[in-house]
Amino acid sequence: MARIVRVARSSSSLFGFGSRFYSTSAEVTSGVSHASSPPTPFLHGGGARRDAAKDRNVQWVFLGCPGVGKGTYASRLSTLLGVPHIATGDLVREALASSGPLSQQLSEIVNQGKLVSDEIIINLLSKRLEDGEAKGESGFILDGFPRTMRQAEILGDVTDIDLVVNLKLPEEVLVDKCLGRRTCSQCGKGFNVAHINLKGENGKPGISMDPLLPPPQCASKLITRADDTEEVVKARLRIYNETSQPLEEYYRSKGKLMEFDLPGGIPESWPRLLEALRLDVYEEKQSAVA
């Protein structure tokens with residue numbers, strides 16, 4: 001089995017996350033779990049900000065239930081930091097669309113409703129990282145990997161993950177988001193028709209998310225995924241929660257887990273996530289340059 005390439009890195013990773021970013025159930029302030037009290041809101045470990053522009057070789061993992069928005073936020077951070085957003089689902093789809101023995105093997109697996117094996121996923125990821133290193137890429141943001149403890153252990157053996165961001169939303173919101181997903185059958189773009197307005201209770205803030213509606217040319221061409229039913233979505237969430245607990249504990253024990261409770265949609269969550277990652281000042285600098 002091909003091993004994942006160890007991506008070249010400088011001696012210090014962005015913000016020194018390995019020693020300063022960790023979370024426990026001790027305290028939650030403004031959506032981010034903190035291990036000590038009283039930290040600056042959204043910031044783990046305090047301390048001075050560093051210029052992210054000169055240390056962009058981040059090696060991050062995004063965790064979270066189906067529908068939480070991992071791809072959305074990982075993609076935005078990828079653009080901001082100039083590092084690739086690598087989604088293992090995309091790697092599988094690209095392999096399926098190619099020609100050759102692997103494409104045929106994957107087609108048989110998918111058509112039979114089976115899970116793609118760890119070996120295949122790891123080989124695809126290994127090749128993607130090797131290709132990126134050859135092109136001069138200096139980091140990555142992983143989305144959809146690792147999903148199991150075995151994958152996490154293999155990944156940890158061959159590369160150093162700086163930070164694992166665990167995005168969180170209440171199950172009620174996740175179900176509504178998944179049931180609201182729509183895709184334009186013509187252009188392929190994704191939308192969401194769900195209007196979410198969860199009232200706060202027991203000291204927890206409410207969550208409001210506006211729908212992401214399609215333009216007029218797509219409105220009559222929307223389709224729903226066959227597996228986006230309430231029964232299937234809830235089963236998917238239950239399975240994820242069962243398998244994710246050991247994974248979260250694994251990264252928490254290594255001091256690399258940052259839990260982030262999304263406060264709402266992108267307009268509310270994006271600036272707070274940037275602040276939690278100490279990237280808000282960096283975004284302002286990038287916007288000023290642009």
Side-chain angles (χ1 to χ4, degrees), residues 1-7 59-75 78 83-135 137 139-159 161 164 167 174 177-178 181-191 223-229 231-244 246-247:
M1 179 178 67
R3 291 174 63 83
I4 299 175
V5 64
R6 181 178 293 277
V7 178
Q59 297 187 176
W60 292 353
V61 167
F62 267 67
L63 298 180
C65 290
V68 76
K70 296 186 297 295
T72 298
Y73 294 104
S75 179
S78 165
V83 297
H85 166 214
I86 303 175
T88 51
D90 291 342
L91 297 182
V92 171
R93 283 185 284 272
E94 290 170 7
L96 273 167
S98 64
S99 58
L102 180 57
S103 176
Q104 183 177 354
Q105 183 183 0
L106 284 171
S107 295
E108 293 174 358
I109 292 171
V110 172
N111 291 337
Q112 294 172 12
K114 297 180 179 179
L115 294 176
V116 180
S117 69
D118 287 350
E119 286 72 18
I120 292 177
I121 294 293
I122 290 165
N123 283 336
L124 289 172
L125 180 58
S126 175
K127 184 178 185 305
R128 172 62 184 83
L129 294 180
E130 288 171 355
D131 292 345
E133 186 183 28
K135 291 187 294 185
E137 293 176 354
F140 52 80
I141 298 177
L142 294 183
D143 164 17
F145 186 94
R147 291 182 183 272
T148 66
M149 275 300 303
R150 180 170 180 265
Q151 291 177 353
E153 290 166 352
I154 293 173
L155 184 64
D157 284 342
V158 294
T159 191
I161 297 300
V164 178
L167 299 180
L174 289 167
K177 282 190 67 181
C178 288
R181 290 191 295 201
R182 300 291 187 273
T183 303
C184 176
S185 59
Q186 183 171 340
C187 71
K189 291 183 178 179
F191 306 97
I223 57 175
T224 305
R225 281 174 44 169
D227 59 345
D228 273 350
T229 65
E231 181 181 2
V232 172
V233 169
K234 287 185 175 180
R236 206 185 298 150
L237 292 175
R238 184 179 64 254
I239 292 170
Y240 176 83
N241 287 327
E242 290 171 355
T243 58
S244 69
L247 204 56

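When all heavy atoms of Leu63 and Leu247 are compared, the pair lying nearest together is CD2-CD2, 4.0 Å. Contact detail for Ser103 and Ala95: the closest heavy-atom pair is CB-O, 3.3 Å. When every heavy atom of Pro146 is checked against every heavy atom of Ala152, the shortest pair comes out as CB-N, 3.5 Å. Minimum heavy-atom separation, Val61 to Phe145: CG1-O, 3.6 Å. For the pair Pro66 and Leu174, the tightest heavy-atom approach, listed with the atom from each and the gap, is O-CD2, 3.8 Å. Taking each heavy atom of His85 and Gly71 in turn, the nearest pair found is CE1-O, 3.6 Å.
If you take CG on Leu96 and CD on Gln104, they are separated by 11.5 Å, rounding to the nearest 0.5 Å. Atom CD1 of residue Ile154 and atom CD of residue Glu119 lie 7.0 Å apart, to the nearest 0.5 angstrom. Separation of atoms CG (Leu237) and OG (Ser244) is listed at 10.5 Å; rounding is to 0.5 Å. If you take CG on Leu125 and CG on Asp118, they are separated by 11.5 Å, rounding to the nearest 0.5 Å. Atom-to-atom distance recorded for Asp143:CG and Asp90:CG is 8.0 Å, nearest 0.5 angstrom. For the atom pair Ile86 CD1 and Glu137 CD, the distance stands at 6.5 Å (nearest 0.5 Å).
Within the 4.5 Å cutoff, no side-chain heavy atoms of Val83 are placed close to those of Trp60. In this structure the side chain of Lys127 never reaches within 4.5 angstrom of the side chain of Asn123, judged on heavy atoms.
The pair Asp131-Arg128 does not count as a salt bridge, with every side-chain nitrogen at least 4.0 angstrom from each carboxylate oxygen. Under a 4.0 Å N-O distance rule, the pair Arg236/Asp228 qualifies as a salt bridge.
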Could you go through the side chain to side chain contact (heavy atoms under 4.5 Å, CB included) check for Thr243 and Arg147 one step at a time?
CA-CA 8 Å; Thr243 58; Arg147 291 182 183 272; over 6 Å; no
When you look at Val116 and Leu124, which way does the side chain to side chain contact (heavy atoms under 4.5 Å, CB included) test go after all the steps?
CA-CA 11 Å; Val116 180; Leu124 289 172; 5.7 Å; no
Checking Lys177 against Arg181 for the side chain to side chain contact (heavy atoms under 4.5 Å, CB included) test, could you report, in this order, the C-alpha distance in whole Å, the side-chain angles of both residues, the deciding distance, and whether it holds?
CA-CA 6 Å; Lys177 282 190 67 181; Arg181 290 191 295 201; 5.9 Å; no
Check the pair Leu102 / Ile120 against side chain to side chain contact (heavy atoms under 4.5 Å, CB included), numbers first and verdict last.
CA-CA 9 Å; Leu102 180 57; Ile120 292 177; 4.2 Å; yes
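In terms of modelled atom types and a separation under 3.5 Å, the side chain of Lys70 and the main chain of Gly64 share a donor-acceptor contact. Thr183 contributes no side-chain N or O that, together with a main-chain N or O of Gly190, makes up a donor-acceptor pair within less than 3.5 Å. With hydrogens and angles disregarded, a donor-acceptor distance shorter than 3.5 Å links the side chain of Thr88 to the backbone of Gly144.
Tyr73 pairs with exactly one of Leu167, Val68, Ile141 by the side-chain contact (heavy atoms from CB on, under 4.5 Å) rule, that one being Leu167.
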